[in-house]
Amino acid sequence: MLQNQVGQALAKKAACNVSWDKHTLNFYSVDASSYAVRPSAVAYPKNERDIIKILKFASLHKVSVTPRGAGTGLVGSSLGNGIIVDMKHFNKIKVGRGFVQAGSGAFKGDIDKILKKHGRFLGPNPSIGPFCTIGGMVGTNASGSHSLKYGSTVDNLISVQVVTPKGNLVSLPQKRFLARKILKIANLETQKHFPRVSKNSCGYRVDKITKKSDVQKIIAGSEGTLGIITSAKLKTLPIPRQTVLIISSYKTLKEAAYDVPKILKLGPSAVEVIDYNIARHIRVSLPKGTKCLLFVEFDDSISRKRKKCTGLLSGKMVIHTTKEKQIARWWSHRNSALSHTLRNTSRNEMIFSSMEDATVPVHRLPLLLDLVEYLTSRYPIRVIVYGHAGNGNLHTRPILKKKDKHLMRKIALEFFSGVISIGGTITGEHGDGLARSEFVKMQYGNKTYGAFKKIKRLFDPDNILNPGKIVI
Ligand SMILES: Cc1cc2nc3c(=O)[nH]c(=O)nc-3n(C[C@H](O)[C@H](O)[C@H](O)COP(=O)(O)OP(=O)(O)OC[C@H]3O[C@@H](n4cnc5c(N)ncnc54)[C@H](O)[C@@H]3O)c2cc1C
């Protein structure tokens, strides 16, 4: 079927709204990444039956289907040239004891507001804040500053409902037949090639699956390639009574990196870093020679941990506070890191995005910084650095002249092989998408990649769902 015929043909078969006008297609051609892919049509299902009809149509006509939440993903994972399924109508939220059950199109901000009334919160907190959806968080295995203490989405996912490309509505881990097959693929041999890092959004997370009650985790980070999530049940936690934020200034990123393992021994709820390219946009006076800031947060045993931490930091103290408003203001500076990064480029420069999410074992952070320094000396690039230092997860954003664009792939390849050789993953939270799927095999090797292909075939034998992402 020709691309421009899909919308009209789907509208005849689907029971829900379908759009294929120029304005809609332009809007859904992009997300928060630097990629653009024009879809054929956009569908807005209101219930599971609508999704099943879309998938049956897609299978019959060999058209791809890409589920989409808020489109805030950073690697183009919600872009596709077939049918985009916008899940905005799946927005019901139900709070239970120790969990929230939310439709995949529910916004995190709406969930946060409701949970707050119950004195609860969600562990994973992407810096994008309220603007992402549960489907997107599960789809990318999103995390954030608090994942240091509370884990990524994969660690908080209790159960999930998906519509598979064959048109079946499936609950995991309950669906026994599927659970058995997933468990068989997720064996020790497959798992041993996973890096020992605290966050990972590369490939399918078979390493998190050791028993039947874990099999829902296969959907976390699956980027819409295995099923369309209709709802997910996630753990919630009691909101801490008080937190303390300690910010320290360093003359080099490496000095800050050496402090991180010492801080981790105290059990912080967050340890984040921003370099001077970002810190300079904060309108406060910083100690002379500041080249980076380390943010350390504790949400239990506040006074004891505050005292110990301020005693062990080798940097210069900028602030330590328990005042809620002050803490929120400083966190908003940290969470604006990406927009501050974009303000650092001139008209003839560009930022490339494939090497922006590496994660290494935390004691190897200095080696990751060495790798970045080496690439900066070898190629005409400068690199902005920020991220979740406590997890060994740095967002390294290289800026290069547009005329040097052809070097991007070469630099990324060198970077990825360096990251893998120091025991890291090429993506800790943003996923593979269009930016990194071609490097998933390099990360894991043939055996584990072969297991990923089996997982994909198990759910989606005709490769209808978001093709080209994760396994290619
Ligand atoms: C400024 C900024 C800061 C960010 N900070 C962080 C951060 O700190 N940590 C972090 O982890 N991420 C971060 N992100 C990335 C992004 O916001 C998160 O990954 C977010 O969870 C994506 O949610 P979304 O609703 O926008 O998903 P989308 O971008 O719409 O989709 C993301 C993926 O999930 C899939 N998907 C969406 N809905 C479904 C569904 N119903 N069924 C199956 N698959 C589905 C899509 O197909 C796609 O593959 C940031 C992004 C921005 C722009």
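These numbers come from a predicted model, not from an experiment. In listed order, ligands and their atoms are each counted from 1.
- Contacts of ligand 1 (protein heavy-atom distance under 4.0 Å) are A32, P67, R68, G69, A70, G71, T72, G73, L74, S77, S78, M87, S104, P126, S127, I128, C132, T133, G135, G136, M137, G139, T140, A142, S143, E223, G224, G227, I228, I229, L338, H388, E429, H430, N466.
- Side-chain atoms of Q174 and S159 form no donor-acceptor pair, as typed in the model, at a separation below 3.5 Å.
- Side chain to side chain, T243 and E297 fail the donor-acceptor criterion of an N or O pair below 3.5 Å.
- Just one of D214, D155, N141 meets the side-chain hydrogen bond (donor to acceptor under 3.5 Å, both in side chains) condition when paired with K208; it is D155.
- Residues S437 and D432 have side chains that never bring a donor and an acceptor to within less than 3.5 angstrom of each other.
- If you check the side chains of R457 and N463, you find no donor sitting under 3.5 Å from an acceptor.
- Of the N and O atoms on the side chains of Q326 and T321, at least one donor lies less than 3.5 Å from an acceptor on the other residue.
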